Colleague: 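This is the structure I have questions about; it appears just below.
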Amino acid sequence: FIIDYLDAGNYMGIELQEELLNSGVYDVIGVEKFKEKEPKLLVDGEFNFKDFKTTWPEFKKPTVGLAQSLFTHLNFKDIKLCLNNLKEIVDKDFILYATFHSEQGSFHTVEFKESYVYGETKIYLLKGSRSIGGNPFTSESGPHTDFWYSLNDLKKISDQTGWEVKEIFDWNHPRYQLMIVWTLK
């Protein structure tokens, strides 16, 4: 619903599944608002953000990004791919807000129902958790696999991609996703 607050042509979205983009247009914002706000939407599973520049001559570099419930379903390699490719279309003042699952309970203000070790990663299942936990270093990314990351994992991703972790906070997400704020180094 962020699109309500933006001027026409100032919203870009990228999604692997075309049916989710169509649902967003028809079921969430509606066709009239879509025409009014003129968002730029791409169906892409490889984070080819540069396609925004080649597809739309009036391309404007984004200043803020939101990865809502994206990194929760991406493994380590695919988060790095996303961040590396995003650098191609943003300036140094760009801010990325991204939700993620924390494998460290200290970030959370909620109770965990159980925990287990998957590979080398300790996974905490939260009350109300519904997805399968994957190892962020060996499992494939996917919409039905959730990945949990430690602060150390996130810093490692940052170091390898030229981003910096600015802040992590609990924003009372109904499925206990935390928010991370990233900026370019």
Side-chain angles (χ1 to χ4, degrees), residues 1-101 130-131 134 136 140-147 149 154 157-158 161-169 171-184:
F1 298 105
I2 293 172
I3 198 167
D4 287 337
Y5 302 95
L6 300 175
D7 293 333
N10 285 340
Y11 182 93
M12 295 183 293
I14 191 167
E15 171 58 49
L16 170 66
Q17 300 175 56
E18 185 173 11
E19 59 273 13
L20 289 180
L21 282 179
N22 290 333
S23 176
V25 170
Y26 293 103
D27 303 330
V28 179
I29 66 169
V31 175
E32 290 303 315
K33 177 134 349 219
F34 178 79
K35 289 178 183 176
E36 172 194 340
K37 295 296 187 168
E38 303 172 342
K40 309 304 182 209
L41 305 174
L42 287 177
V43 177
D44 185 291
E46 297 295 319
F47 304 107
N48 291 307
F49 296 108
K50 64 184 179 295
D51 288 351
F52 283 116
K53 291 165 63 170
T54 58
T55 306
W56 293 285
E58 70 280 3
F59 172 80
K60 298 177 220 165
K61 288 187 175 188
T63 55
V64 177
L66 174 64
Q68 168 63 47
S69 199
L70 174 65
F71 291 180
T72 55
H73 302 291
L74 293 183
N75 62 26
F76 195 84
K77 174 185 69 123
D78 289 337
I79 291 176
K80 286 175 32 178
L81 176 67
C82 177
L83 292 172
N84 279 324
N85 288 355
L86 185 58
K87 289 189 307 191
E88 296 176 5
I89 66 160
V90 299
D91 286 328
K92 190 142 177 72
D93 62 343
F94 179 81
I95 299 170
L96 176 63
Y97 296 87
T99 61
F100 76 102
H101 290 301
R130 69 198 184 337
S131 298
E140 290 297 315
S141 297
H144 301 292
T145 303
D146 281 1
F147 294 94
Y149 289 94
L154 297 170
I157 290 170
S158 296
T161 59
W163 292 82
E164 182 178 4
V165 175
K166 280 295 199 187
E167 185 179 5
I168 297 175
F169 58 92
W171 61 303
N172 297 316
H173 186 274
R175 284 183 292 284
Y176 312 111
Q177 294 177 19
L178 300 181
M179 185 70 72
I180 185 170
V181 181
W182 263 316
T183 58
L184 287 169

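Computed from a prediction, not measured in an experiment: that's the story for all the values here. Numbers here are sequence positions counted from 1.
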Colleague: Would you say that Leu41 contacts Tyr11 through its side chain, given a criterion of any heavy-atom pair below 4.5 Å between the two side chains?
Modeller: yes
Colleague: Can you check whether Asp146 reaches His73 side chain to side chain, under 4.5 Å on heavy atoms?
Modeller: yes
Colleague: Who passes ring-ring contact (aromatic ring centres under 6.0 Å, His included) against Phe34, sequence neighbours left out?
Modeller: none
Colleague: Taking the side chain as C-beta and beyond, is there a heavy-atom pair between Asn48 and Leu42 under 4.5 Å?
Modeller: no
Colleague: Quick one: salt bridge (Lys or Arg N to Asp or Glu O under 4.0 Å) pairs with a partner in residues 82-91, sequence neighbours left out?
Modeller: Lys61-Asp91
Colleague: Is there a side-chain contact between Ile89 and Phe94 (heavy atoms, below 4.5 Å)?
Modeller: no
Colleague: Under the rule for side chain to side chain donor-acceptor pair (under 3.5 Å), what residues qualify as partners of Lys60, not counting sequence neighbours?
Modeller: Asn10
Colleague: From Ile79 CD1 over to Leu154 CG, what is the distance, rounded to the nearest 0.5 angstrom?
Modeller: 7.0 Å
Colleague: With rounding to the nearest 0.5 Å, note down the distance linking CG in Asn85 to CZ in Phe49.
Modeller: 7.0 Å
Colleague: Are the side chain of Ser141 and the backbone N or O of Asn75 linked by a donor-acceptor pair below 3.5 Å?
Modeller: yes
Colleague: May I ask you to check whether Thr145 and Glu140 show a side-chain donor-acceptor distance below 3.5 Å?
Modeller: no
Colleague: Would you tabulate the side-chain donor-acceptor contacts of residues 22-31 under 3.5 Å, counting partners in other chains and residues two or more places apart, or write 'none'?
Modeller:
residue, atom, partner, partner atom, Å
Ser23, OG, Asp27, OD2, 3.0

Colleague: Evaluate the ring planes of Phe52 and Phe59, with Trp represented by its six-membered ring, and classify them as parallel (under 30°), tilted (30 to 60°) or perpendicular (over 60°).
Modeller: parallel
Colleague: Who passes ring-ring contact (aromatic ring centres under 6.0 Å, His included) against Phe76, sequence neighbours left out?
Modeller: Phe137
Colleague: Does the side chain of Ile2 reach to within under 4.5 Å of the side chain of Val64, using non-hydrogen atoms?
Modeller: no
Colleague: How long is the straight-line distance from CG of Leu66 back to OG1 of Thr99, given to the nearest 0.5 Å?
Modeller: 7.5 Å
Colleague: Considering residues at least two apart in sequence or located in another chain, which fulfil the side chain to side chain donor-acceptor pair (under 3.5 Å) criterion with Thr161?
Modeller: none
Colleague: Run the side-chain donor-acceptor check on residues 12-20: report pairs under 3.5 Å with partners two or more places apart or on a different chain.
Modeller:
residue, atom, partner, partner atom, Å
Glu15, OE2, Gln17, N, 3.0

Colleague: Please give me the minimum heavy-atom distance between Gln177 and Trp171, naming the atom from each residue.
Modeller: O-NE1, 3.1 Å
Colleague: Would you find more than 12 non-hydrogen atoms of other residues, nucleotides or ligands less than 6.0 Å from Phe47 atom CZ?
Modeller: yes
Colleague: Using 30° and 60° as the class boundaries, would you call the ring planes of Phe147 and Tyr149 parallel, tilted or perpendicular?
Modeller: tilted
Colleague: Quick one: does Phe100's side chain get under 4.5 Å of Ile168's, heavy atoms only?
Modeller: yes
Colleague: Which distance, rounded to the nearest 0.5 Å, do you find between the OH of Tyr97 and the NZ of Lys166?
Modeller: 11.5 Å
Colleague: Quick one: CG on Asp78 to CG on Leu83, what's the gap to the nearest 0.5 Å?
Modeller: 11.0 Å
Colleague: Apply salt bridge (Lys or Arg N to Asp or Glu O under 4.0 Å) to Asp4 and list each qualifying residue two or more places apart in sequence or on a separate chain.
Modeller: Lys33
Colleague: Going by the salt bridge (Lys or Arg N to Asp or Glu O under 4.0 Å) test, which pairs reach into residues 35-57, not counting sequence neighbours?
Modeller: Lys40-Glu58
Colleague: Would you say Leu184 and Trp163 make side-chain contact, with heavy atoms under 4.5 Å?
Modeller: yes
Colleague: Does Trp182 have any side chain to side chain donor-acceptor pair (under 3.5 Å) partners at least two apart in sequence or in another chain, and if so, which?
Modeller: Ser158
